[in-house]
Amino acid sequence: MDESKRSQRSQACVYGEHDDCSHSCGATAGLNPRRLRLEGGLTLCKCTCHSSCPITSAGMTIPLATWRESCSCPGAARQEREDQARMEAFQAVRARGAGRSQEEIRELYIAELRSRGLDIPPEEALNAGVAAVTGNYFPSARLLGRSLADVAKLIGRVFGPSR
């Protein structure tokens, strides 16, 4: 496998845990020059374990809806269930969070995630989720912006000029 494809593999595939790979190795967003609008999608894992999946030949990135509808990889179904459980946990906390302090909301959110068997996210993501429950989306936007900047730096290192 050449170096550019090796860098386009999910963490699960890098560690040989192919049945856990959702076939996605990240999200991306950019300007679609044909439609003159910003669009987002998933970056697909280029590991050969996905060769039988119908979306493998779809290109480097695909819309989230296409991945949900068409990916046949074993990890995709697990990821979809996990994403749904995270959304349900968030909605449950939002429904019960009115009038509560940030710390109380945080405790509720952690309890909801644990009750669904989900991992607790890193501190910054957890704080952004708690803030979003109260309608403050700025921490989430800041985290997304930082993530996109990190992706841009990574792309620059992979595809940029050799040093």
Check your understanding: Please walk me through it: do Val133 and Leu108 pass side chain to side chain contact (heavy atoms under 4.5 Å, CB included)?
Key -> CA-CA 11 Å; Val133 166; Leu108 282 173; over 6 Å; no
Exercise for review: Under the side chain to side chain contact (heavy atoms under 4.5 Å, CB included) rule, what do Gln79 and Ser24 come out as? Steps first, then yes or no, please.
Suggested key: CA-CA 10 Å; Gln79 183 66 49; Ser24 166; over 6 Å; no
Practice item. Would you sort out whether Cys49 and Cys13 count as a side chain to side chain contact (heavy atoms under 4.5 Å, CB included), showing the intermediate values? Key: CA-CA 8 Å; Cys49 74; Cys13 285; 3.6 Å; yes
Check your understanding: Please walk me through it: do Leu44 and Thr56 pass side chain to side chain contact (heavy atoms under 4.5 Å, CB included)?
Key -> CA-CA 8 Å; Leu44 296 177; Thr56 296; over 6 Å; no
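Rounding to the nearest 0.5 Å places CG of Leu42 at 6.0 Å from CD1 of Ile62. Between the OG atom of Ser72 and the NE2 atom of His50 there is a distance of 10.0 Å, given to the nearest 0.5 Å. Taking NE2 from His23 and OG1 from Thr43, the interatomic distance works out to 11.0 Å, rounded to the nearest 0.5 Å. With rounding to the nearest 0.5 angstrom, the CG atom of Leu113 is 4.5 Å from the CD1 atom of Ile120.
For the pair Asn127 and Arg106, the minimum side-chain heavy-atom distance is below 4.5 Å. Taking the side chain as every heavy atom from C-beta outward, Arg9 and Cys25 never approach each other to under 4.5 Å.
Side-chain N or O atoms of Ser70 include none that pairs as donor or acceptor with a backbone N or O of Trp67 at under 3.5 Å.
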Please report, to 0.1 Å, the donor-acceptor pairs under 3.5 Å made by any side chain of residues 85-101, with sequence neighbours excluded.
from: Arg86; atom 1: NH1; to: Asp119; atom 2: O; distance (Å): 3.4
from: Arg86; atom 1: NH2; to: Asp119; atom 2: O; distance (Å): 3.0
from: Glu88; atom 1: OE2; to: Gln84; atom 2: NE2; distance (Å): 3.3
from: Arg94; atom 1: NH2; to: Ala132; atom 2: O; distance (Å): 3.4
from: Arg94; atom 1: NH2; to: Tyr137; atom 2: OH; distance (Å): 2.4
from: Arg96; atom 1: NH1; to: Glu112; atom 2: OE2; distance (Å): 2.8
from: Arg100; atom 1: NE; to: Arg96; atom 2: O; distance (Å): 2.8
from: Ser101; atom 1: OG; to: Glu104; atom 2: N; distance (Å): 3.1
from: Ser101; atom 1: OG; to: Glu104; atom 2: OE1; distance (Å): 3.4

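In terms of heavy-atom proximity, Cys45 sits nearest to Ser10 at SG-N, 3.2 Å.
Sequence neighbours left out, the pairs with a member in residues 65-78 that pass salt bridge (charged side-chain N to carboxylate O under 4.0 Å, His left out) are Arg68-Glu80, Arg78-Glu82.
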